[in-house]
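Only this structure's heavy atoms are used, side chains among them; waters, hydrogens and symmetry mates stay out. If you read the sequence from its start, that first residue is 1, and numbering goes on from there. Whatever order the structure lists them in is the order used to number ligands and atoms, beginning at 1.
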Amino acid sequence: MHLDHQDSFPERHTYSAADPVRADGTRRAPRIGPGGPVGTGKTATVAALCRALRDELSIAVVTNDIYTREDAEFLLREAVLPAERIAAVETGACPHTAIRDDISANLEAVEDLEDGVGPLDLVLVESGGDNLTATFSKGLVDAQIFVIDVAGGDDIPRKGGPGVTTADLLVVNKTDLAPYVGVDLEGMARDAKAQRGELPVAFTALKQPNGVAPVAEWVRARLSDWTAARA
Ligand SMILES: Nc1nc2c(ncn2[C@@H]2O[C@H](COP(=O)(O)OP(=O)(O)O)[C@@H](O)[C@H]2O)c(=O)[nH]1
Ligand SMILES: [Mg+2]
C-alpha cells in the first residue's frame, strides 16, 4: 500500500531561537555558550573574557556542572565578577541534556540574572564538559564557542562532530603546550579549515597575558552585529 505523506505529516515543534526582545520591547543581551570536552579551557575562557570585557560591558555568567558548583566557585574565587552575576546550574545528568534537550533550568537562570542585575549586555552560558557531539539548543544561546585543546591531540579537528564543524567560533586552546605534546598547529589549522570552511578558528594560550584577545575580539564583533540588528 502506498501512503502519500505529503499533506499528512504532523506539524514539527522544535526550539527556535529565543526571542531577542524583552517584554518591554528593548533588545535583550546576546547569550554566548562556550562548550567542549572536559578540561579544554571553557572556564578559563569565561574567566578571561570577564576580565577583558567587564569594564566595558554588563556581564553575567551561568555555569553547568553535573553534581557540583565547581566552575561557579572557581569564578567566584578568582573574583572575575561580583557573586550576584554568577549562577550555577547542577545538571544531574550528562551536561548536554541541560543545554540541548531540557534547557528550562538554564533559561530560568539567565532570566533570574537579567531580573536581578540587568539590564545586561552579555550573558555567557558555560556548558558542563561533554563530548564532541555536545551542542547548545538555539533556544538557549545565540552563538556557540566550541573549545578544544592541543593536549587532546591534533586529530580532534579532523574527527569533526557538530561542535567542531558548526560552532560559531572554534577555539583551539593551550597552544603553549604544543611543543610538549608534539602537536603541529599548522596541521590543526588546515584540518579545522577543511571541516569549517569560512567559520572562524582562534588559537589561544589562555594562561598567557591577554591570551584571550582573539576570542574577546570575536565577542565584540558579535555584540556589534547584535546591536546593529536592532535597526
Ligand atoms: N597550559 C595551559 N593550561 C591551561 C590553559 N587554559 C586552561 N588551562 C588549564 O587547564 C585546566 C582546565 O581548564 P578549565 O578552564 O577548568 O577547563 P574546562 O573543564 O573546559 O572548563 C586548568 O587547570 C587550567 O588552568 C592554557 O592555555 N594553557
Ligand atoms: Mg569548566
Considering non-hydrogen atoms of the protein only, which is the closest contact for [atom], and what is the distance?
atom	value
atom 12 (C) of ligand 1	G39 O, 3.5 Å
atom 8 (N) of ligand 1	K174 CE, 3.7 Å
atom 16 (O) of ligand 1	T43 CB, 4.0 Å
atom 17 (O) of ligand 1	G41 N, 3.1 Å

Return yes when at least one protein heavy atom is under 4.0 Å from atom 23 (O) of ligand 1, and no when none is.
-> no
Considering only protein heavy atoms, determine whether one is less than 4.0 Å from atom 4 (C) of ligand 1.
-> yes
Judged by heavy atoms only, the candidate from D176, T63, T40 nearest atom 1 (N) of ligand 1 is D176
Quick one: which of S127, A44, A205 has a heavy atom closest to atom 15 (O) of ligand 1?
-> A44
S127 and N64: side chain to side chain donor-acceptor pair (under 3.5 Å), yes or no, with the steps?
-> CA-CA 5 Å; S127 158; N64 280 255; over 6 Å; no
Short list, please: which atoms of ligand 1 are under 4.0 Å from a heavy atom of L177?
-> 1 (N)
What atoms of ligand 1 come closer than 4.0 angstrom to any heavy atom of L206?
-> 6 (N), 26 (C), 27 (O)
Counting distance only, does the side-chain N/O of [X] pair as donor-acceptor with the main-chain N or O of [Y] below 3.5 Å?
X	Y	value
D130	H96	yes
R222	W226	no
D65	E70	yes
R28	D19	yes
D191	D155	no

Separation between CD1 (I145) and CG (L49), nearest 0.5 Å, reads 6.0 Å
Answer key: the N, O or S atom of E126 nearest to the Mg ion (ligand 2) is OE2
Report the name of the N/O/S atom of D71 located nearest to the Mg ion (ligand 2).
-> OD2
E126 heavy atom under 4.0 Å from ligand 1 | yes
Compute the minimum heavy-atom distance from N173 to ligand 1 and say whether it is under 4.0 Å.
-> yes
Does a side-chain heavy-atom distance below 4.5 Å link V164 with K159?
-> no
Report yes if the side chains of T204 and V212 come closer than 4.5 Å at any heavy-atom pair, otherwise no.
-> no
Quick one: does K207 get an N or O within less than 3.5 Å of an N or O on ligand 1?
-> yes
Compute the shortest N/O to N/O distance between V38 and ligand 1 and return yes if it is under 3.5 Å, no if not.
-> no
Is any N, O or S atom of T43 under 2.8 Å away from the Mg ion (ligand 2)?
-> yes
Before giving the answer on side chain to side chain donor-acceptor pair (under 3.5 Å), spell out for R85 and S58 the whole-Å C-alpha distance, their side-chain angles and the decisive distance to 0.1 Å.
-> CA-CA 9 Å; R85 289 178 176 268; S58 172; 3.0 Å; yes
For T43 and E126, does a side-chain donor sit closer than 3.5 Å to a side-chain acceptor?
-> yes
